[in-house]
Amino acid sequence: MRIVSVRRISQIFFFSVFLWFCLVTTVGTAWWQLRGWPVNWLLELAPLTAVATVLATGTLYGNLLWALVVIVFTLLLGRFFCGFVCPLGALNQFTGWLGQRGQAVLARVEANRYRPAQAIKYYILFFFLALAFMGSVQTGFLDPLPLVYRSVNLAVLPLTAAGLTGPRFYASVWLIGLLFLGIVALNLWRPRFFCRFVCPLGALLGLLGQLSPWRIGKRDKGACGDCRICEEYCEGACRPAGGIILGECVLCLNCLNRCPAGRITFAGQPSAAGEAPLPDLSRRSLIVSGAGLAVAAMWNVGGLSGNNRNPSLIRPPGSLDEDRFLSRCIRCGQCMRVCPSNIIQPALLESGVQGLWSPLVNYRLGRSGCQITCVACGHVCPTAAIRPLSINEKLGLGEFASQGPIRLGTAFVDRNRCLPWVMDRPCLVCHEVCPVSPKAIFIRTIFKDIRGGHSLAARVQGEAVELAEAPLWQVNLASGDYYLGLAGEPESRLRRIIGALGLRLSLEAPLTEEILAAETQVDIRVRLERPYMDPDRCIGCGMCENECPVVGLRAIRVYSENETRAAAGRLLI
Amino acid sequence: MKEEMTRRDFLKRLGIASVTGLAAGGIGLILHDPQGPDLVRQQQTITGLGNFALPALASEPGKMALVHGMDRRLTLQQGVQALGGMEAFIKQGDRVLLKVNAAFATPPALGATTSPELLSAVGELCFQAGAAQVLVTDNPINNPESCFEISGLAAATRQSGARLILPRHELFAPVSLPGGRLIQNWPVLTGVFPGVTKVIILSPVKDHQRAVASMTLKNIYGFLGGRRNVFHQDINGIITELAQLLRPTLCILDGTVSMMTNGPTGGSLSDLKDTGLMIVSTDPVAADAAGIELLGRTLRDAPYIQMAAAAGAGEADYQQLKPVVLHT
């Protein structure tokens with residue numbers, strides 16, 4: 001079998017594995033669901049995440065150890081990952097191939113010519129590494145693995161809604177999709193545009209491959225006829241016909257395959273035509289890339305992780321405090337894909353530019369609040385920005401009883417919008433769905449005169465009441481929530497209205513024992529159970545906010561006060 | 001390139017332009033809407049989910065059995081037997097819909113959902129009586145997949161050979177209850193009903209702050225879609241309308257363990273109490289009237305029971321049904 005066939009099979013294999021892992025990242029026990037599949041494997045293999053998080057945190061988390069495999073093989077062989085493994089690389093190569101079909105030889109050679117602008121990706125890499133060094137991991141914005149996971153998870157799969165009961169929603173996802181479409185479309189102009197000019201992972205692997213003992217090269221210098229067939233199909237635009245630029249070679253091996261004279265080799269010696277390690281990197285530009293140090297430092301000046309934090313920013317359960325969270329999160333979208341409630345959403349600017357597309361919880365958009373028996377998000381997080389929790393740790397049970405439950409925030413009742421607080425209407429949905437025991441939401445009951453229901457003239461005969469005029473309030477008085485009493489009498493003497501026909505009401509029991517005067521003054525009152533919050537019980541799960549029937553701006557909303565992850569947000573003493 | 005147009009070219013162009021112009025005019029006239037759109041989209045609506053009560057029982061009060069004991073399979077079996085056996089309700093070839101309460105993604109031990117043990121027992125009885133197909137459904141409050149899995153109801157469904165129908169978006173259609181004030185042009189899970197010939201409602205007995213008790217009638221809430229929570233403003237009114245929306249073949253109200261406090265979510269074993277009663281009834285109102293006693297409450301506490309009876313959905317004085325009382 002030809003080596004390029006091996007390469008193609010490998011690309012198809014890893015691309016299929018990638019798609020499969022995205023598909024199965026849903027909570028469930030079926031074979032096509034989450035149980036057991038190593039859905040983060042490709043994310044863990046690509047070493048930029050490992051390098052950036054090591055710079056930012058000083059540790060190599062869990063399965064990011066896989067990155068060592070790629071690092072070791074890259075040291076020996078060069079950028080094999082780009083040519084053989086990367087799913088975005090495969091997609092870029094495929095669309096680039098489509099775009100070049102039918103083009104003349106010279107046009108192909110021109111498209112695949114080496115360009116000095118290929119140095120840009122190294123500057124991007126250095127910029128990201130400088131940010132990471134300062135504790136802010138931003139690699140996921142352009143690192144191809146997080147990028148392609150995020151794009152497919154959030155922008156592509158929801159278009160198919162495979163295996164779900166309802167549509168999936170992701171706020172502002174068009175932007176993620178547009179970046180992805182743009183990257184794919186640019187291949188029509190220059191094959192592997194992203195890989196050549198932008199990809200910070202490619203730059204990292206190019207640097208790592210500098211020492212590789214084996215490399216692509218020409219066997220002998222003089223005999224080559226300069227036909228440039230090797231460059232016609234060169235994926236890396238690495239100049240195999242001339243002095244090859246090793247850091248740019250993605251090991252597509254098309255040159256090896258196509259050279260009519262068999263002069264291209266993959267061998268343990270330098271190319272006879274000469275070779276250069278990397279594109280010309282200008283010292284000036286490298287220094288400018290170091291601006292990442294200053295940018296990250298200035299982000300800290302903004303105080304977004306401290307006193308200036310966005311009170312509406314709720315992170316998924318198990319998330320670290322904001323600084324440590326942003327030193328790990330790679331914006332891969334795995335938590336957003338897996339969340340069965342669909343409440344984990346990509347941030348736009350809610351946590352600053354530095355938190356673009358990081359996960360936040362939006363209780364309005366999803367199917368329910370954060371389900372108390374679910375810990376899926378932390379278990380798919382490849383970097384432990386969201387720590388993997390056990391149910392016991394999440395709920396503060398068993399050995400975690402002393403530290404209490406994980407709180408995402410605290411729900412606040414908005415007394416300007418809540419129906420029983422401001423509109424004299426019974427409701428209490430928030431109390432019903434509050435999942436903790438005893439409930440964090442408790443109630444106080446009051447009886448209020450309904451509008452126009454005070455001191456109404458009426459004739460009262462036992463259980464029957466006939467009003468002289470209708471109250472202003474147009475409601476079904478017989479719904480069980482309305483009571484009638486003599487004007488000004490205490491609540492204990494109210495009687496529930498159980499029937500209403502025009503102005504005639506019937507009560508569940510006689511109003512008084514005595515015979516009343518023909519004209520009596522009565523009050524009609526509504527029984528209101530008003531929600532109150534016990535912040536000591538509230539875990540910020542947002543069930544109440546999700547279900548609140550005040551559908552616009554909810555009348556009960558979760559804010560970050562008292563969230564477990566940030567000591568700065570502590571509310572209770 | 002020629003400077004001047006030939007006569008033939010001119011006529012060709014004139015012809016194409018004329019035909020295109022005529023076609024555009026015609027399409028415009030066909031699509032022309034002088035009225036403009038309705039402010040609110042008008043939809044065909046369905047008027048109810050159906051009356052699945054046995055016609056033979058229509059003229060007489062319903063049948064009811066109250067079976068004391070803690071073994072659900074045993075109390076269920078004796079209760080159904082006292083009413084003539086499942087064969088009295090399910091005939092050969094029936095397609096049976098089991099409406100469970102799967103509202104929350106909590107484990108069965110917390111009692112916030114229909115007991116999976118009860119579900120599989122009922123499913124088996126239906127199949128033994130000759131049911132061709134048994135369907136299980138609910139539109140829960142939490143994410144449906146999680147609710148059915150974690151409550152154990154999905155496993156019980158599989159185990160009994162029934163089929164789980166998750167409340168997919170396309171299964172909802174607008175329903176207007178004739179004479180109803182609340183259920184008007186409201187999305188309801190109608191898509192599970194085509195072909196269904198019998199309906200059995202399986203409910204736990206739970207405390208509920210707003211409704212006072214969540215039992216059989218409140219369980220029908222789980223057929224509603226949309227932002228159904230607005231109806232909590234008139235909880236008794238909506239439950240009364242729900243009682244008219246669907247008349248089940250049989251109701252099984254499981255008071256083996258009742259949720260006494262912190263309902264309807266519960267969340268702690270201390271919210272539960274062994275009340276040891278299985279209620280099997282053809283009348284949902286009577287079932288709830290009996291069930292509410294397990295919570296130490298009366299009909300006066302939960303007005304919807306008498307309101308539903310007044311609306312013709314059943315009998316609030318359950319003693320009228322002359323219930324068979326058994327002890328296991």
Side-chain angles (χ1 to χ4, degrees), chain A residues 26-30 33 161 163-167 339-343 366-374 376 391 395 419-420 423 425-439 441-443 475-476 478-481 496-499 508-509 529 543 546-551, chain B residues 103-107 110 112 139-147 149-151 154-155 165-171 181-182 208-212 214 227-240 259 261-271 300-304 306-307 310:
Chain A
T26 58
V27 175
T29 53
Q33 291 175 315
L164 295 161
T165 46
C339 177
S341 302
N342 193 199
I343 49 177
R367 182 68 174 74
S368 85
C370 178
Q371 296 179 156
I372 55 171
T373 49
C374 177
I391 297 279
L395 300 181
L419 295 177
M423 297 195 187
R425 300 211 171 231
C427 176
L428 217 57
V429 172
C430 51
H431 177 276
E432 172 182 338
V433 297
C434 179
V436 295
S437 177
K439 287 177 187 288
I441 297 171
F442 65 100
I443 55 167
V475 287
N476 174 21
S479 71
D481 296 314
R496 196 200 297 255
I497 301 170
I498 58 169
E508 67 177 357
E529 296 168 306
M543 290 290 177
N546 181 268
E547 294 286 331
C548 177
V550 183
V551 290
Chain B
F104 305 103
T106 50
L110 292 178
N139 181 27
I141 291 174
N142 296 166
N143 167 57
E145 289 96 336
S146 309
C147 286
E149 282 302 332
I150 294 172
S151 65
I165 302 188
L166 291 173
R168 295 189 310 279
H169 185 70
E170 62 271 20
L171 295 178
R181 284 181 306 111
L182 304 171
H208 192 288
Q209 183 69 32
R210 177 72 181 112
V212 175
S214 169
R227 290 205 64 89
R228 54 189 174 182
N229 286 334
V230 290
F231 295 130
H232 273 55
Q233 291 169 64
D234 185 357
I235 195 76
N236 296 305
I238 187 66
I239 298 177
T240 304
M259 183 183 290
T261 52
N262 215 48
T265 52
S268 166
L269 292 176
S270 61
D271 295 320
R300 281 187 54 182
D301 297 318
Y304 69 80
Q306 283 174 322
M307 288 164 69

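Just so it is clear: chains get the letters A, B, ... in the order the sequence lines come, proteins before strands, and each one is counted from 1.
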| Can A/Lys439 and A/His431 be said to form a side-chain contact (heavy atoms from CB on, under 4.5 Å), step by step? | CA-CA 7 Å; A/Lys439 287 177 187 288; A/His431 177 276; 3.6 Å; yes
| said: Working note: A/Asp481 + B/Gln233, criterion side-chain contact (heavy atoms from CB on, under 4.5 Å); need CA distance, chi angles, decisive distance, verdict. | reply: CA-CA 9 Å; A/Asp481 296 314; B/Gln233 291 169 64; over 6 Å; no
| message | Going by the rule side chain to side chain donor-acceptor pair (under 3.5 Å), which residues pair with B/Gln209 if we only count those two or more places apart in sequence or in a different chain? | response | A/Glu529
Please state whether the side chain, the backbone, both or neither of [X] comes within less than 4.5 Å of a heavy atom of chain B.
| X | value |
| --- | --- |
| A/Ile498 | neither |
| A/Glu547 | both |
| A/Cys434 | backbone |
| A/Leu395 | neither |
| A/Asn546 | backbone |

| Residue, of B/Thr261, B/Thr265, B/Asn262, that accumulates the most heavy atom pairs under 4.5 Å with chain A | B/Asn262
| request: Could you tell me which of B/Ala310, B/Ala112, B/Pro264 has the largest number of non-hydrogen atom pairs under 4.5 Å with chain A? | output: B/Pro264
Using non-hydrogen atoms and a 4.5 Å limit, figure out which bit of [X] sits close to chain A: side chain, backbone, both or neither.
| X | answer |
| --- | --- |
| B/Arg227 | side chain |
| B/Asp271 | side chain |
| B/Glu149 | side chain |
| B/Arg228 | neither |

| task | Compare every heavy atom of B/Ile141 with every heavy atom of A/Ser368, then report the nearest pair and how far apart it is. | result | CB-O, 3.8 Å
| query | Of the non-hydrogen atoms in A/Ser437 and B/Gly267, which two are nearest, and what is the gap between them? | reply | CB-C, 3.7 Å
| message | For the interface with chain B, which of A/Val551, A/Val429, A/Leu428 has the highest count of heavy-atom pairs at distances below 4.5 Å? | response | A/Val429
| Do you know which of A/Pro426, A/Gly366, A/Gly480 has the most heavy-atom pairs with chain B at a distance under 4.5 angstrom? | A/Pro426
| said: Between A/Ile372 and A/Met543, is the side-chain contact (heavy atoms from CB on, under 4.5 Å) condition met? List the steps. | reply: CA-CA 10 Å; A/Ile372 55 171; A/Met543 290 290 177; 5.7 Å; no
| field | Pairing of A/Glu432 and B/Arg210 as salt bridge, 4.0 angstrom limit | value | no
| task | Show the numbers, then the answer: is there a side-chain contact (heavy atoms from CB on, under 4.5 Å) between B/Glu145 and A/Val27? | result | CA-CA 8 Å; B/Glu145 289 96 336; A/Val27 175; over 6 Å; no
| task | Run the numbers on A/Asn476 and A/Ser479 for side chain to side chain donor-acceptor pair (under 3.5 Å), then give the verdict. | result | CA-CA 6 Å; A/Asn476 174 21; A/Ser479 71; 5.0 Å; no
